[in-house]
Amino acid sequence: MDKRPDIPYSLPMNLPIRNIAIIAHVDHGKTTLVDHLLKQSGTFRENADVEERFMDSMDLEKERGITIAAKNASFIYNNIKVNIVDTPGHSDFGGEVERILDMVDGAILLVDASEGPLPQTRFVLKKALDKNLKILVCINKIDRPDARADEVINEIFDLFVDLDANEEQADFDIIYAIAKEGVARTEIDGPETDFKVLFEWITNNFPPPPAEPDEPLSLLVSNIDYDDYVGRLAIGRIRSGVIKVGDELTQHTEDGKKRLKVSALFSFESSSKIKVLELKAGDIGVIAGFETVHIGDSITAPNQEPLPRIRVDEPTVGVLLSVNDSPFAGLEGSQVTSRKIKERLEKELLHNVALRVEPTSTPETFKVVGRGELQLSILFEQMRREGFEMLISKPQVEVQTIDGEKKEPMEIAVVDVDEAYVGAVTQKLGERKGVLMNMTNKGYGRARAEFRIPSRGLIGYRSEFLTDTRGTGLLSTYFDGWDNFKGPLKGRNTGAIIADRKGVATPYALWQLEDRGRLFVTGGTNVYMGMVVGEANKGINLDVNVCKEKKLSNVRASGSDEAVKLSPIKPMTLEEALEWISDHELIEITPENIRIRCKEMDPNKRKSAEKKAAASGAH
């Protein structure tokens, strides 16, 4: 929030407006493109020190190099105000894209000149075409040595046709770009050295918003924010009318109507919010004055009908999140009670429309359902950094019963791999009930294959995929509706190495276990009974004493003592842990550690439970 004095700034009310979104697959250059649009439009002083990808404001976005939450910004070019929205590229954050497209009238579809259109390109383009938005295709990264712009354009046209675009939509204009250098061209080898042609296209060809300033006010809340000074904020495009500070309006919620008095208004300037006296139809603005506000609420003049609420695709993957009851509970985190966890999840629901939280039979456990493992792991990582401790179960897909038949979510998985690895990938996805739908050879040693596979078949597969392709493969997915349940899947074929007592792991004990499998802990790590300290090579669980010390005596024989040399370990990330665990294990998340433990920590009780499960499965 801009911390300038509380003097409202009056933007010129007669400026024409354009509202556009940048949409693309992950890592095709959206945020970099927005950076250079803002820089070259004169938004910043010439001597201003602007960090790279400054629109990625969250720590996790900077660390991972991906956009997680949609961001608003604006610039003025040739006396036209352009409101621009940077959207996430990963399919797990598709809910952000769906609601943001309600605010805009056009979109720049950014496509990598080498990779071409990928699954999320298809997802975001379908949503944009459904809303009949004007599309500009921008082929980015044309300086890549493996760029194949002409083929990519043909693939994009085929994608438009496949998505039932009308003639006007399929007749799209194309601009070539090198976003990281701030260059846009009408021809691939054109002379241009800046973004002038892109600015001209945006201001001349994207339509102005269908605004009716003389009609009563109407606005749909597409995003929400919070400010320490004025409280809850609603962000949205004003469909009709004019809104001024002090206006008394009606807020339409899911539960009914409320009276609302506007306490402050903000407009976007660059990526900051500035106070204004009024906002007109067509503009994207920010309104303060709410006790509570939710995405999808309508703000209207009194006695007006609400606008249709925002609807997004249903979440498909869920986990059980519960209070940490491990022996080390409360030692590392400050937020450990079910009340604190419930408050944090309710706060997340305010702005994350693709997330669902359901109560369970016990007050200490909540079911959290999202679009995918990445979306859920980002939420848990944010909570971990805020001081929360919790236990997470293995992700499970949501199953529906439709017309008396059991249905499960399906996904299209597109893999881009070296030709040598196509067989291994096809075999692994086939074991997970994947069906090969299409395969193309790009002609330079890489192939692209398309599979239709149950969502649960992809849980735990990404790390295996990277291993099979020696880190060179690309795997992208998008939701493809519901289909008949495909039957049971084969689980993890390795076991767990489990500590059988509380104590401190010793290098000597770990050294003795190295040939049994892959270790997760190093010497000096505090462990407890039931904590998983490694992955066993064979498909059986091993209960071991990792605290055993070498017996000391005063007798020494020359050469009989071996030096203990442990292989280095790679700490498991939260995403890797979510993929690795089985139904009998939990992830313990604290601000300082990510541990894996058994649901039943006592080895005797665990073995008797396993025998009962095996016996019931045999009948």
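Residues that satisfy the side chain to side chain contact (heavy atoms under 4.5 Å, CB included) test with D325, not counting sequence neighbours, are L391, R597.
Because its NZ or CZ atom is both nearer than 6.0 Å to the ring centre of F485 and within 45° of the ring axis, R456 counts as a cation-pi partner of that residue. For the pair K134 and F206, the cation-pi test (distance below 6.0 Å, angle within 45°) is failed.
Among all heavy-atom pairs drawn from V293 and Q251, the shortest one is CA-NE2, 3.7 Å.
In this structure, a donor-acceptor pair under 3.5 Å is absent between the side chains of T590 and E389. N484 and K407 share a side-chain donor-acceptor pair at under 3.5 Å. Between the side chains of T477 and E411, at least one donor-acceptor pair of N or O atoms lies under 3.5 Å. In this structure, a donor-acceptor pair under 3.5 Å is present between the side chains of S218 and S240. No side-chain donor-acceptor contact under 3.5 Å links S322 and E364. Donor-acceptor pairing under 3.5 Å is lacking for the side chains of E398 and T316.
Using a 4.0 Å cut-off between a side-chain N of Lys or Arg and a carboxylate O of Asp or Glu, R384 and E381 qualify as a salt bridge.
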Residue pair K599, D583: steps toward the salt bridge (Lys or Arg N to Asp or Glu O under 4.0 Å) verdict: CA-CA 9 Å; K599 282 185 180 177; D583 293 328; over 6 Å; no
Intermediate values then yes/no, salt bridge (Lys or Arg N to Asp or Glu O under 4.0 Å), R452 and D480: CA-CA 8 Å; R452 191 165 192 263; D480 191 46; 2.7 Å; yes
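More than 12 heavy atoms of other residues, nucleotides or ligands sit less than 6.0 Å from atom CD of E358.
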